[in-house]
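One structure is given below, encoded as structure tokens.
Numbered from 1 within each chain, the chains take letters A, B, ... in sequence-line order. Excluded from the calculations below are hydrogen atoms, water molecules and symmetry mates; all remaining heavy atoms, backbone and side chain alike, are included.
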Amino acid sequence: MVQIRLTNTRTRRKDPFAPIDPADVRLYLCGPTVYDRAHLGNARPVLVFDLLVRLLRHVYGDRAVTYVRNFTDVDDKINAEAQRRKIAGSALSLEALIAERTEETIGWYHADMDALGALRPDHEPRATEYIVQMVEMTRDLIAKGHAYEAEGHVLFDVRSFPEYGKLSGRSVDDMIAGARVEVAPFKRDPMDFVLWKPSSDDLPGWDSPWGRGRPGWHIECSAMSAALLGPHFDIHGGGIDLQFPHHENEIAQSCCAHPQAGFANVWLHNEMLQVEGKKMSKSLGNFFTVRDLLDRGVPGEVIRFVMLSTHYRKPMDWTEAKAAEAEAVLRRWRGLVAGIEPAPSPAPAVIDALCDDLNSAGAIAALHELAAKGDGAGLLASAHMLGLLMPDMGSWAEAGDAAAAQIEVLLAARLEARKARDFARADAIRDGFAAAGVEVKDTASGPQWSLAPGFDPEALSALVRARGR
RNA sequence: GGUGGGUUGGCGGAGAGGUUACGCACCGGAUUGCAAAUCCGUGAAGACCGGUUCGAUUCCGGUACCCACCUCCA
């Protein structure tokens, strides 16, 4: 069996991956807060974990992997959006407005991630479905002396957990010295964080031993991972920005609630996304969602390819140039594998690259080499390993039947003109193809065509009409 | 101020203590009515300063610059 190696944030090393139970490899990815469309940065951990899950299933078997990704549907941003709709005159109750907002956002999220070829996780728990478990875990943490109640809040006592800060390499004292922590008067220590907080009447809330309230952000992942994967599982991940405080706090909660379990063995964090060399932000005007790109005609497969062409632990720069290059490569490859059945297994070079800390860029290089050798079957099987060249994701690269028929007619006319040595006429058709976004290649076995990025069906029709004159 | 990451050829982007990464672009050749595509081939690199070593772009130390996190954030 091949050996997978992964860089573990906890150990700061690339370690051989050894599952707790090879028959049930368990992963948890921190999912989105469902208050708005997913932006491009949200897609990165999804694609990294998608690749990881595909690799784990390849190595350990399709049924031997359990992949959990949550939806955070308790959040002040969701509440704010619901309140905005209420103020705007909605007749629905606040609870109904919140449900409406989260439902539609989850629908968008599924549609957008599906478009990128990301497999759905085995479980997609919502925070609101696990309030009971969160309350129970909070109660347990108080009983074990790791949390305390103060003014309707329940706070985690960071000083009760000596390991606090280990994941992110910080010490509580250093962080306090940084003087950027919010000091609430009822906290024993400025770094203590909220497990439960009171809700006013205009906010969603649940009954608890500490009154009507709602959970803090971090407790949901501790409660849901324990419920679905158990207190000890294999891999936990997300963006590097979650390393602190979110994952640090999850570790504190889970390890204190289940002292012997160990929580997640491997912590996997992806670096952040940039756009044209700059941080993606609303203020810089370079902020966009996955849907924005899809609507602009950038195929999901192209987004996926660009994302995978940079190693997950490096900052990834989204540029128009990369998208154009990716599109050209995918068109060429799709042409190469058209009508070919995939080989029985992916190329060893591709598996080796992926096993080496998910070296997707190295795997893509190996795909290039397969393509250069003309090994279409190997290319197809190996690309499938990366979720590329999938049969159901190629419609963007294909012409409709009508366009195909028109192109065939024009190709026949050009051939006729060339036979008659009427090169002016033949070249006019060729130029027309180029203008319409149809790429024609004259090969030894006759002309082959494909669609270029700017394909224009109108221009093609006009070309057919012009030929009649 | 604290923590972590980065700096590779024209551009993108990997691995490896010594042997071509790979892709795009460029250049030369084959091919073509001329092209495009394709094929063959050439060239081009590792921020800076030290150290270890027979040998470092790869390991170690320092400097500079960049980025992220430390506050909701993937």
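For A:His311 and B:A21, the NE2 to C1' distance is 16 Å, given to the nearest whole Å. In this structure, the CG atom of A:Leu336 is 11 Å from the P atom of B:U38, given to the nearest Å. Distance CG (A:Leu415) to C1' (B:G33): 14 Å, rounded to an integer number of Å. Rounded to an integer number of Å, the gap from CG of A:Asp317 to C1' of B:A68 is 14 Å. In this structure, CH2 of A:Trp217 is placed 9 Å from C1' of B:A74, rounded to the nearest angstrom. A:Glu248 has its CD atom 13 Å from the C1' atom of B:G4, to the nearest Å. Residue A:Leu379 contributes atom CG, which lies 13 Å from atom P of B:G23 at whole-angstrom precision. Nucleotide B:A74 holds its P atom 17 Å from the CG atom of A:Leu268, rounded to whole Å.
Residue-environment remark: CD (A:Glu416) stays at or below the threshold of 12 foreign heavy atoms within 6.0 Å.
For the pair A:Lys314 and B:C67, the criterion of a side-chain N or O lying under 4.0 Å from OP1 or OP2 is not met. Taking only side-chain nitrogens and oxygens, A:Ser309 never comes nearer than 4.0 Å to OP1 or OP2 of B:G13. Between A:Arg5 and B:G15 there is no side-chain polar atom (N or O) within less than 4.0 angstrom of OP1 or OP2.
A donor-acceptor contact under 3.5 Å is not formed by the side chain of A:His269 with the base of B:A74. In terms of polar N and O atoms assigned as donor or acceptor, the side chain of A:Arg430 comes within less than 3.5 Å of the base of B:A35 in a complementary pairing. With hydrogens and angles ignored, a donor-acceptor pair closer than 3.5 Å exists between the side chain of A:Asp427 and the base of B:G33.
Rounded to whole Å, the C1' atom of B:A16 lies 37 Å from the corresponding atom of B:C73. When the P atom is compared between B:U8 and B:U57, the two are found 15 Å apart, to the nearest whole Å. Taking atom P on both B:C34 and B:C48, the two are 48 Å apart, rounded to the nearest angstrom.
Across all strands shown, A:Gln448 has no heavy atoms under 4.0 Å from either base or sugar-phosphate atoms. Residue-level contact check: A:Arg331 touches neither bases nor backbone, having no heavy atom under 4.0 Å from any strand.
Heavy-atom distances under 4.0 Å link RNA chain B to A:Val440, A:Lys441, A:Asp442 of residues 431-442 of chain A, given in residue order.
A salt bridge links A:Arg84 and A:Glu81; the closest N-O separation between the charged side-chain nitrogens and carboxylate oxygens is under 4.0 Å. Here A:Arg101 pairs with A:Asp36 in a salt bridge; the nearest charged N to carboxylate O distance falls below 4.0 Å.
You'll find that the side chain of A:Lys322 is closest to B:G13, out of B:G15, B:C67, B:G13.
Side-chain polar atoms of A:Asp50 and A:Tyr67 form no donor-acceptor pair below 3.5 angstrom. Between the side chains of A:Asp73 and A:Thr128, at least one donor N or O lies within less than 3.5 Å of an accepting N or O.
A:Tyr28 and A:Phe233 have tilted rings, their planes meeting at an angle from 30° to 60° on a 0 to 90° scale. A parallel orientation is assigned to the rings of A:Phe193 and A:Phe156, their planes being inclined by less than 30° (bins at 30° and 60°).
Taking the nucleotide of RNA chain B with the nearest heavy atom to each of A:Tyr312 and A:Asp241, the more 5' of the two is matched to A:Tyr312.
Using the Watson-Crick or G-U wobble rule with both distances under 3.5 Å, B:G1 pairs with B:C70.
For A:His110 and A:Phe71, the ring centers sit closer than 6.0 Å to each other.
B:G51: glycosidic angle beyond 90° from 0, hence anti.
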